[in-house]
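Here's the structure, in structure tokens; my notes come after.
As the structure lists them, so they are numbered: ligands from 1, and atoms in each ligand from 1.
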Amino acid sequence: MIKTPKLLMIPGPTPVVRSILDQMARETVAFGDANFISDFKGLVADLKALWRCDGEAFVVAGTGTLAMEMAVANLTQRGENILVCSHGFFGDRFIDMCARKGLGVDALKSSWGTVYTPDQVDAELSKKKYAAVTVTHVDTSTGVLAPLKGVCDTLRKKHPDTLLIVDGVAATGGVECWMDWGIDALLTCSQKAFGVAPGLAMLWASARALEKRKSLGAIPESYFDFERWLPVMRDPSKYWGTPAINMIWALKEGLRLIQEEGLEERYARHIRQARIFVAAMEALGFKTAATQERRAPTLSIFLYPEGAGVDDVAFRVKLADEGVQSAGCLGEFAGKGFRLGHMGNIDKHVLVGAVAAVERACAALGLEPKPGKGLTVLQAGLMAEGK
Ligand SMILES: Cc1ncc(COP(=O)(O)O)c(C=O)c1O
């Protein structure tokens, strides 16, 4: 029997294309291998240049959570204040992390599906002295995009001494964002909009962030201390922790694909694909949790049609049977819908396959409308774009 592979449509890990998988399957070499050192050096240099970073880019084995902790560990010290701007589950993750570090934590929280404004951030920051502020660019639990550029501008104008930490895990590589907007630490990991398998944490630190780290002297953390990794990032023949050799090759190939596409075009593609995909899903009766103007280009929370009495687990099991792996909703949206990623190296075939599977799952559960309505909208959108 021919087995159709399941489309990996959860909001990370995202589908990994063949050329990246091939890098993971290469014969592993010593971390002192001259060709590997040159590959690693080139990768770090490209990351730094592409995201307009005046400090350093770090690539270490780990996940997005490690990168979040790395940012907090190196940019703040016990006793300082931090403002966590959260619009969901992953924004909230900073609260506990920062409290454990011994920081004075205040949180600017938005109700689920909405997000704070730059003015609200300004008002909070005006109440006391904050060493740093965190923003989650896209919260994966809500599919809402934070007003990052607006926050950057506000900080530059009104709170220039406060460092800005940006969690770009569900955005970076798929949504526009540059370090020279005034970001001090931008963090992400390999398995989301970069389209690489899980395993690597990435962090861009501004020159000012590196200075702050230096001013702290010895810090309690060791594995992800900037001072430990800086010599390695500048000269990968140096050792601190064993580099994840095959993953670094995989990320290098991921970045090559990004460069081939061009970052600007990649950002534009994510916006186009999201618009067309969401329109098709809306034609099937689903609503996004995010309002149109704050919808993330990288993933969506699709809420079941009100009053349709959809059994969440039954729907997602059927969808998986039909070939699409989705994720359940978190927090206030749990049971009310499902999450689908549309980021990274996805193409028309993935979108068509996903909408077709959703239509079959709806039909199997007796939901309106009849199959074809979503695909008609999707195909029209794809053909209108012509790309
Ligand atoms: C916005 C955001 N931040 C942080 C994380 C944590 O990343 P990881 O699971 O790789 O530790 C996630 C995971 O989905 C995320 O979506």
Side-chain angles (χ1 to χ4, degrees), residues 8-16 58-73 82 84-98 100 107-110 112-116 133-148 151 164-177 183 185-204 221 223-224 244 247 250-251 254 270 274 289-290 294-301 325-334 338-344:
L8 187 59
M9 298 293 285
I10 62 172
T14 57
V16 182
F58 297 84
V59 179
V60 302
T63 72
T65 308
L66 178 126
M68 292 168 73
E69 202 144 15
M70 188 170 184
V72 173
I82 191 161
V84 173
C85 300
S86 172
H87 60 293
F89 179 88
F90 290 100
D92 285 357
R93 187 168 277 198
F94 273 120
I95 298 173
D96 171 63
M97 198 178 268
C98 294
R100 283 168 183 245
L108 171 60
K109 287 209 191 199
S110 319
W112 279 58
T114 69
V115 66
Y116 49 81
V133 53
T134 72
V135 166
T136 306
H137 198 178
V138 169
D139 203 297
T140 320
S141 61
T142 64
V144 172
L145 179 69
L148 178 59
V151 172
L164 173 60
I165 296 173
V166 176
D167 174 347
V169 167
T172 308
V175 185
E176 185 178 23
C177 165
I183 297 169
L186 171 66
L187 61 100
T188 188
C189 44
S190 43
Q191 76 270 21
K192 303 268 187 181
F194 272 69
V196 178
L200 290 178
M202 288 172 263
L203 189 150
W204 292 258
E221 298 82 2
Y223 174 67
F224 43 81
M247 288 309 301
L251 184 61
H270 277 75
R294 295 258 53 98
R295 254 178 220 156
T298 45
L299 73 120
S300 300
I301 276 71
Q325 192 71 57
S326 67
C329 286
L330 300 168
E332 290 189 19
F333 297 134
F338 56 104
R339 297 182 298 148
L340 290 180
H342 33 84
M343 64 181 131

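Considering backbone and side-chain N/O atoms, Arg93 never comes within less than 3.5 Å of an N/O atom of ligand 1. Taking distance alone, with nitrogen or oxygen atoms compared against 3.5 Å, Gln191 approaches ligand 1 more closely than that limit. At under 3.5 Å, a nitrogen or oxygen of Thr63, whether backbone or side chain, sits near a nitrogen or oxygen of ligand 1.
Residues Leu148 and Ile183 come closest through the heavy atom pair CD2-CD1, 4.3 Å. Of all heavy-atom pairs between Ala67 and Ala201, the closest is CB-CB, 3.9 Å. The minimum heavy-atom distance between Met68 and Phe90, with the atom names listed, is CE-O, 3.8 Å.
Checked by atom type, the side-chain pair Thr65/Arg93 shows a donor-acceptor distance below 3.5 Å. A donor-acceptor contact closer than 3.5 angstrom links the side chains of His342 and Ser300.
At a heavy-atom cutoff of 4.0 Å, ligand 1 is contacted by both the backbone and the side chain of Thr65. Neither the backbone nor the side chain of Leu66 has a heavy atom within less than 4.0 Å of ligand 1.
Shown in contact with Met68 at under 4.0 Å from a heavy atom are these atoms of ligand 1, numbered in order with element: 4 (C). In the vicinity of Val138, heavy-atom distances shorter than 4.0 Å reach the ligand 1 atoms 1 (C). In the vicinity of Lys192, heavy-atom distances shorter than 4.0 Å reach the ligand 1 atoms 13 (C), 14 (O), 16 (O).
The nearest non-hydrogen atom to atom 7 (O) of ligand 1, considering only Gly91, Ala170, Gly64, comes from Gly64.
Close to ligand 1: Asp167, with a non-hydrogen atom less than 4.0 angstrom away.
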